[in-house]
> 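I'd like to ask you about the structure that follows.
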Amino acid sequence: MKHYRYLLATMGLLLSAPIHAQESDAAKPLPKIESRNGRHALMVDGAPFLMLGAQANNAVNYPDFLHTIWPVLDQMHANTLEIPVAWQQVEPVEGAFDFSYLQTLLDQARAHEKRLVLLWFGTWKNTGYAYTPDWVKLDSKRFPRLKTRTGEDHGVLSAHGEQTLAADRRAFVKMMEYLRDHDAQNTVIMVQVENETGSYRVPRDYGAEGNRLFAQPIPPALAKATGKRGTWSQAFGAQADRAFNTWYTAIYVEAIAKAGKAIKPLPMYVNASLAGPSNVPDPTGVASGGPQQDVLDIWKAGAPSLELQAPDIYDGKSANVIQYLDKYARADNPLMVPEIGNARLFARYFYPAIGRGAIGFAPFGMDRSGYYNYPLGAKALDDKVIGAFALPYEMLDSIMRDWARLAYTHPTWGGAKPDDGSSISTIMGNWKISGEWGQWQFGMKEWTMFNPEPTPTADEPVGGFAVIQLSPDEFLLVGDHVRVNFEPAPGSPPNGIMLRAEEGRFENGRWVMSRLWNGDQTDYGLNLTDLPQVLKITMSHYR
Ligand code: DGJ
């Protein structure tokens, strides 16, 4: 049946009648994000779901190119595809909507057993208007561009364009209506509203309307959320222009998301073209208006219909990546990584992401369309590159429901090999858990009498692990290219030992051991290599 549907879909023979009329599935509970005790779960079909995702290249969003995606996702063990739906492709003529691409996408995703996250490329795509329809691009009277300080047009549409908002919102609502009518089974689990909003070089619209609004006091909702008062300049000082553009971009996106949610309330989010991780960004050097880490509170106040703001990570420096993950993983902001570079070095950051409770992770550009965004990502998608992402995904693939369920209700932690190769560690209750790199499975690299060769990945940016603390003394462990040690934390009760290291899997939500690791397998720590193994560790104290 599955293959039959796929055949029909690829031959273009499926009718565009509502899919729920063709599928036997009864309507399922809507995807949603739940939060409790500072932790989050993406609920899909009524249960926590870990999005093992991949994003397609930008121009793969046409029926003839979708076939380039699925083999890569299968090879990666990905369960979710993130892919654009562009305003220009669904409303090429004003008021005439064509969702045939979306229907083909739904059909093919179902045939390949993948979920979808739709990326709405509307008013903003990478801080530009490239994905708006021609009739928008060509009418700057109705759809004004942001003005520079000297009154010139900038290559971004203004966040104050009322008609732009109305037109974008109408198209977005049409898309959500299409999903309501053709996706009862919720193949689409989330929607990204716009793509990397903001403006580079010109921090806000200096046109008449922008200037008029900028002279006003900051809106009460923003004052309440931030505790700030007065005009934009009084409240935000050197960041005033940027705070202003952030607010008006957020409320613009809010209007679109809210209208879409009134049709079908799927989880929705925005993604950030990131600023440097630790500084207060230069307002002219950052995508002013976007949801960077230092303006999340403005976005939260302005766009309450969005479940989360998310980082697009292309800066591969390990310390910076960890800072980004820490800044977006908040009690009021579920961590999701909708884009990360697809070079091999980025794969290891899957572990610190899920260790911070990430509900999803997606390297960018995972298809065979022949396009590569090097130097942000890989030069080419060879088996080694895909394999780096496939290994952790395969590890989690069959247990992703269990991981997501347990991570929602228990402490988690994860880390990746730092750029300098130093070891990493954390304390969870009575136990110190550490990871070191470049060790063989047996013995110590420091054994000079054997003078062992370096491991194949000793000098490579490979390796990481993540744990869930199932109970005070029990941990679920996944990782690759790492030696993990569990030991008593300083100051913890005496006589702490690792009692059991079980390799196993989950069946119907219950842990099933397949073997115990002991002897060589534990004498030198737990050595996780290139196999998709899942371990359950039990620590204890002897009398
Ligand atoms: C981030 C954007 O969100 C993506 O659409 C894409 O343009 C990448 N940058 C770079 O290829």
> Evaluate the ring planes of Tyr248 and Phe244, with Trp represented by its six-membered ring, and classify them as parallel (under 30°), tilted (30 to 60°) or perpendicular (over 60°).
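If you compare the ring of Tyr248 with that of Phe244, the planes turn out tilted.
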> Please report the C-alpha distance between Trp431 and Gln469 in whole Å, then the side-chain angles of each, then the deciding distance to 0.1 Å, and finally whether the side-chain hydrogen bond (donor to acceptor under 3.5 Å, both in side chains) criterion is met.
CA-CA 10 Å; Trp431 311 108; Gln469 188 175 25; over 6 Å; no
> Does any N or O in the side chain of Arg115 come within less than 3.5 Å of the main-chain N or O of Asn186, such that one atom is a donor and the other an acceptor?
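Looks like yes, one N/O pair under 3.5 Å.
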> Does a side chain donor of either Lys300 or Gln309 reach within less than 3.5 Å of an acceptor in the other side chain?
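A pair is found: one side chain offers a donor N or O, the other an acceptor, under 3.5 Å apart.
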> In terms of the angle between their ring planes, are His112 and Trp70 parallel, tilted or perpendicular, with boundaries placed at 30° and 60°?
parallel
> When you measure from the side chain of Glu339 to the backbone N and O of Phe364, does any donor-acceptor pair fall under 3.5 Å?
no
> Going by distance alone, is a donor N or O of one side chain under 3.5 Å from an acceptor N or O of the other, for Ser514 and Glu503?
no
> Do Gln441 and Tyr524 have side-chain heavy atoms sitting under 4.5 Å apart?
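In short, these two side chains do not touch, never coming nearer than 4.5 Å.
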> Check Arg110 with Asp183, please: is the shortest side-chain N to carboxylate O separation under 4.0 Å?
yes
> Please name the residue in the list Val534, Val478, Leu477 that meets the side-chain contact (heavy atoms from CB on, under 4.5 Å) test with Leu528.
Leu477
> Do Glu460 and Thr457 have side-chain N/O donor and acceptor atoms under 3.5 Å apart?
no
> Do the side chains of Lys384 and Asp382 get close enough for a salt bridge, i.e. N-O under 4.0 angstrom?
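Salt bridge flag = no for Asp382 with Lys384.
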> Would you please test Tyr324 and Leu274 for side-chain contact (heavy atoms from CB on, under 4.5 Å) and show each step?
CA-CA 9 Å; Tyr324 287 127; Leu274 290 170; 3.7 Å; yes
> Using modelled atom types and a 3.5 Å cut-off, is there a donor and acceptor pairing between side-chain atoms of Lys417 and backbone atoms of Ala458?
yes
> Do Gln292 and Arg242 have a side chain donor and acceptor closer than 3.5 Å?
yes
> Do Tyr371 and Asn58 have side-chain N/O donor and acceptor atoms under 3.5 Å apart?
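Side chains of Tyr371 and Asn58: no pair found under 3.5 Å.
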> Can you confirm whether Asp297 sits close enough to Arg330 that some side-chain heavy atom of one is under 4.5 Å from a side-chain heavy atom of the other?
yes
> Do Asn485 and Glu436 have side-chain N/O donor and acceptor atoms under 3.5 Å apart?
yes
> For Asp74, is the CG atom crowded, meaning more than 12 foreign heavy atoms sit under 6.0 Å from it?
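Above 12, so yes.
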> Consider only side-chain N and O atoms of Gln192 and Tyr269, and report whether a donor and an acceptor are under 3.5 Å apart.
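Yes - a donor-acceptor pair under 3.5 Å links their side chains.
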> Verify whether one side chain among Tyr200 and Ser273 offers a donor that lies under 3.5 Å from an acceptor in the other.
yes
